[in-house]
Amino acid sequence: MTSSVQLRGEAAEVSLAEAQAVLALVQDEERRGRLAALVAAIGEGEVDEVEAEALEELLELGLQTGRLRALYGPGGEQAALKIYRQLPRGREVGRAARGVTEALSSLQGKTLESVSIQAVGPGAYLLSLEADGTQLSVRLDRQGARLTSVGV
């Protein structure tokens, strides 16, 4: 469904710096080729679907580890987040979050009877809510927020 994503200003600077840093370290020729293509595309100010996948990987890692904020500050982190949200996985995470928000809004105005959170694995949690007989469970993990069950 996607077309190209434009990269300008700080978003282009952060993306280019990260792609170049990883390219300098990677030994695998196939991955080096993908990163070199990404560097070239960023230099041109636009990534297509193929380069978007490589850029997603870089941005996800940098955002999750805090590297982007540490190296480029809050502004660089925000620029990377803005670009990430335009990439396919970023758009999907946004759609999933909107779906969970819509489900949770069904509880609005109801009396909260119970709420719990359960660790289901490393970095993965299950949030369970019950309000006026409606039960919702939401999984929160590295892939985002997903509604896992609804009960009435």
Hphob cluster co-occupancy, [X] + [Y], side-chain heavy atoms under 4.5 angstrom:
| X | Y | answer |
| --- | --- | --- |
| Val14 | Leu71 | yes |
| Leu16 | Leu25 | no |
| Leu81 | Ile83 | yes |
| Val150 | Val100 | yes |

[atom1]-[atom2] distance between [X] and [Y], expressed to the nearest 0.5 angstrom:
| X | Y | atom1 | atom2 | value |
| --- | --- | --- | --- | --- |
| Gln86 | Arg91 | CD | CZ | 8.5 Å |
| Leu38 | Leu23 | CG | CG | 9.5 Å |
| Ser15 | Ile42 | OG | CD1 | 5.0 Å |
| Arg139 | Ser149 | CZ | OG | 12.5 Å |
| Leu59 | Tyr84 | CG | OH | 8.5 Å |
| Leu104 | Leu129 | CG | CG | 6.5 Å |

Quick check: are there more than 12 heavy atoms from other residues, nucleotides or ligands sitting under 6.0 Å from NZ of Lys110? yes
Return the minimal non-hydrogen interatomic distance between [X] and [Y], and the atom names on each side.
| X | Y | result |
| --- | --- | --- |
| Gln143 | Val93 | O-CG2, 3.8 Å |
| Ala80 | Leu63 | CB-CD2, 4.3 Å |
| Glu56 | Gly90 | OE2-N, 4.3 Å |
| Ala96 | Ala145 | CB-O, 3.5 Å |
| Arg67 | Ala21 | NH2-CB, 3.8 Å |

Quick check: do [X] and [Y] have side-chain heavy atoms less than 4.5 Å from each other?
| X | Y | answer |
| --- | --- | --- |
| Pro74 | Arg69 | yes |
| Thr148 | Val138 | no |
| Ser106 | Leu136 | yes |
| Leu107 | Glu130 | no |
| Leu7 | Leu55 | yes |

Donor-acceptor under 3.5 Å (Arg32 side chain, Asp28 main chain): no
Main chain of Glu46, side chain of Gln6: is a donor-acceptor contact present, judged purely on distance under 3.5 Å? no
Does Arg34 pair with Glu57 as a salt bridge, N-O distance under 4.0 Å? yes
Could you tell me whether Arg89 and Glu92 have a side-chain N and a carboxylate O separated by less than 4.0 Å? no
Step by step, would you call Gln20 with Leu35 a side chain to side chain contact (heavy atoms under 4.5 Å, CB included)? CA-CA 8 Å; Gln20 290 172 330; Leu35 288 167; over 6 Å; no
Polar contact flag, side-chain donor to acceptor under 3.5 angstrom, Tyr72-Glu10: no
